[in-house]
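I have placed the structure first, in the form of structure tokens, so that the comments after it can refer back to it.
Treat the numbers as computed from the prediction; the structure is a model and nothing was measured.
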Amino acid sequence: MTEQTKHTSIRPAMPVESSARHIILDVLRGLALLGIALANFPEFSLYSFLPEATAGNMPTAAIDRAVHYLQYIFIDGKFYTIFSLLFGIGFSIIISNAMKRGADGFRIFYRRMAVLLLIGFLHLMFIWSGDILMLYALLGMLLPFFRHAANKTLLTTAAVLLVIPIVIDFCIEASGIYPAASVVELQQYYCARYGINEANFAYWLRDADNYGATFQFLIQGALVRVQEFIDGNRYFKVLGLFLIGFYIGRNRLYADLGNRKPLLKRIAAYGFGIGLPLSVVYAWSAMNGRPWGLGVHALLYFVSIFPLGFAYMAGISLCFLRHPESSIFRFIAMPGRMALTNYIGQSLWGMLLFYGIGFGMGAGMGLIYVVLIATGVWIVQACLSGVWLHFFRFGPLEWLWRMLTYGKIFQLTKEKKE
């Protein structure tokens, strides 16, 4: 190989430009953000923290209970499933894009994950305790170890990881051992230290009139988040979904949807046929305190959440194939093109609307109103994303993420056409 050939075959690693994007991925990200808003805003609004008697005395209590059922059936877990799959696809694209240019793809990848880890930590500790980005970054760092794995190995490992939580929950139920006990003890310590108790827990963030008091709640909230990850065995689930997304991305299954219609139809048919009725059973179990036990509830989660989440992706893809030029899909894709900015943005909207350092609307409205507000916030985000992307190449956090990853400054504004 000549020196000239060497010079031309090695190019610096660069992020994916908009012209190389696949719109269906942005559409799926946009819809995932809507589902995430619907899932998270009951907690942003503090409705999820309200005592059962308080929520039951609200004028909207009857419709709120129906909405709560519908959330468990159609929302709970399904959109974080889609979001996790999309992250797995994105990871495969990042690695592939860097390696095609002859750069150290894994060095770029790990730097990207380190930046995401930092963003997630700042989000968790200073904005909202429900962050998922730290877990995504940490588990994403494991994906390069699977780069040489056969497709069958990827899918088999993913299936095992998704089943492990069921086994763990049955073992916990049989043994009586509670893995998150030490985390709960530490969280209770911080609650006692700051005076957060059962009586004021649901109202603390609404009544906090300064950021210092808000930060006190966020400290114990970060520990609650760790407890949730342990209780839900979330790390196994997310890594399993990452591997499925990695498989989809590595095989570019998203790039030629037209030839994959039969597969998409089968996934949609089986996913809705199995996932939807079992999601009704799962919702009943969740709303009634898991009467069949922890292990059975975990099994219901597995056979309802994942099939329906996959069916959503397949169904949306089929609709997109029928109307690829639809303005509706272009609108949905807008927030998906700057998903990181909008994910963090939803937390900022939550603070602004519901916390005492904002408008203080928290803990004062029924679930139906919370759902309507969440939908409204997503619509506003979609509109603002469209305006922003008319003038700029990346979302603001995406721009920062790229620059810190690649160690260079990228032009943010679009060049004016002559």
Side-chain angles (χ1 to χ4, degrees), residues 13-18 20-21 25-37 39-41 44 79-80 82-84 86-91 93-94 97-98 108-141 218 222 225 238 332-353 358 374 377-414:
M14 298 285 284
V16 176
E17 294 292 335
S18 14
R21 299 180 74 97
L25 297 181
D26 291 326
V27 170
L28 290 168
R29 287 189 193 97
L31 282 173
L33 284 167
L34 172 60
I36 288 168
N40 288 344
F41 265 67
F44 283 133
F79 288 94
Y80 115 76
I82 296 175
F83 214 47
S84 300
L86 289 168
F87 259 80
I89 294 171
F91 293 157
I93 294 173
I94 294 165
N97 181 52
I108 294 294
F109 179 81
Y110 281 116
R111 190 187 300 166
R112 190 173 178 86
M113 291 302 98
V115 176
L116 184 65
L117 182 65
L118 175 61
I119 294 172
F121 175 77
L122 295 175
H123 181 225
L124 175 75
M125 293 307 304
F126 297 102
I127 300 177
W128 186 52
S129 304
D131 175 75
I132 194 70
L133 297 178
M134 281 190 68
L135 184 66
Y136 277 9
L138 290 170
L139 294 178
M141 291 179 184
L218 291 175
R225 188 58 168 166
V238 169
I332 294 172
M334 285 296 104
R337 286 182 59 188
M338 38 192 288
L340 177 61
T341 295
N342 284 316
Y343 173 74
I344 301 294
Q346 287 180 0
S347 300
L348 295 174
W349 276 102
M351 292 182 76
L352 175 66
L353 293 173
V377 166
W378 180 85
I379 291 172
V380 170
Q381 285 189 311
C383 294
L384 292 177
S385 297
V387 174
W388 178 273
L389 292 169
H390 180 74
F391 298 101
F392 302 103
R393 299 169 63 206
F394 316 110
L397 284 183
E398 285 75 10
W399 180 57
L400 179 63
W401 193 11
R402 280 166 167 78
M403 290 193 297
L404 293 175
T405 296
Y406 294 93
K408 60 187 300 183
I409 296 176
F410 292 98
Q411 181 178 330
L412 179 59
T413 57
K414 289 183 177 179

Closest non-hydrogen atom pair between [X] and [Y], with its separation:
| X | Y | result |
| --- | --- | --- |
| G30 | P335 | CA-CG, 4.2 Å |
| S385 | N342 | OG-ND2, 3.1 Å |
| L389 | R337 | CD1-CB, 3.7 Å |
| M141 | F109 | CA-CE2, 4.2 Å |
| M403 | I409 | SD-CA, 3.7 Å |

Side-chain donor or acceptor of [X] paired with backbone N/O of [Y] under 3.5 Å:
| X | Y | value |
| --- | --- | --- |
| R393 | K414 | no |
| Y343 | I132 | yes |
| R29 | L86 | no |

Query - Geometric class of the W128/F44 ring pair [parallel <30°, tilted 30-60°, perpendicular >60°] - result: tilted
Report task. Could you check whether the rings of F394 and F410 sit parallel, tilted or perpendicular, using 30° and 60° as the cut-offs? Result -> perpendicular
Query raised in the report: When you look at CZ of F121, are more than 12 heavy atoms from neighbouring residues, nucleotides or ligands closer to it than 6.0 Å?
Result: no
Just how far is it from atom [atom1] of [X] to atom [atom2] of [Y], taken to the nearest 0.5 Å?
| X | Y | atom1 | atom2 | value |
| --- | --- | --- | --- | --- |
| F79 | S84 | CZ | OG | 13.0 Å |
| I344 | H123 | CD1 | NE2 | 4.0 Å |
| L138 | L133 | CG | CG | 11.0 Å |
| Q381 | T341 | CD | OG1 | 9.5 Å |

Query raised in the report: Got a sec, which residues hit side-chain contact (heavy atoms from CB on, under 4.5 Å) with L384, two or more places apart in sequence or on another chain?
Result: V380
Report task. Go through the structure and list residues passing ring-ring contact (aromatic ring centres under 6.0 Å, His included) with F83, not counting sequence neighbours. Result -> F87
Query raised in the report: Is the NZ or CZ atom of R112 positioned over W401's six-membered ring, under 6.0 angstrom from the centre and within 45° of the axis?
Result: yes
Report task. Would you indicate whether the side-chain heavy atoms of I332 and W378 approach each other to under 4.5 Å? Result -> yes
**Report entry** I82 vs L31 side-chain heavy atoms within contact, under 4.5 Å
**Finding:** no
Query raised in the report: Passes side chain to side chain contact (heavy atoms under 4.5 Å, CB included), I119 versus L340? Steps please.
Result: CA-CA 10 Å; I119 294 172; L340 177 61; 4.1 Å; yes
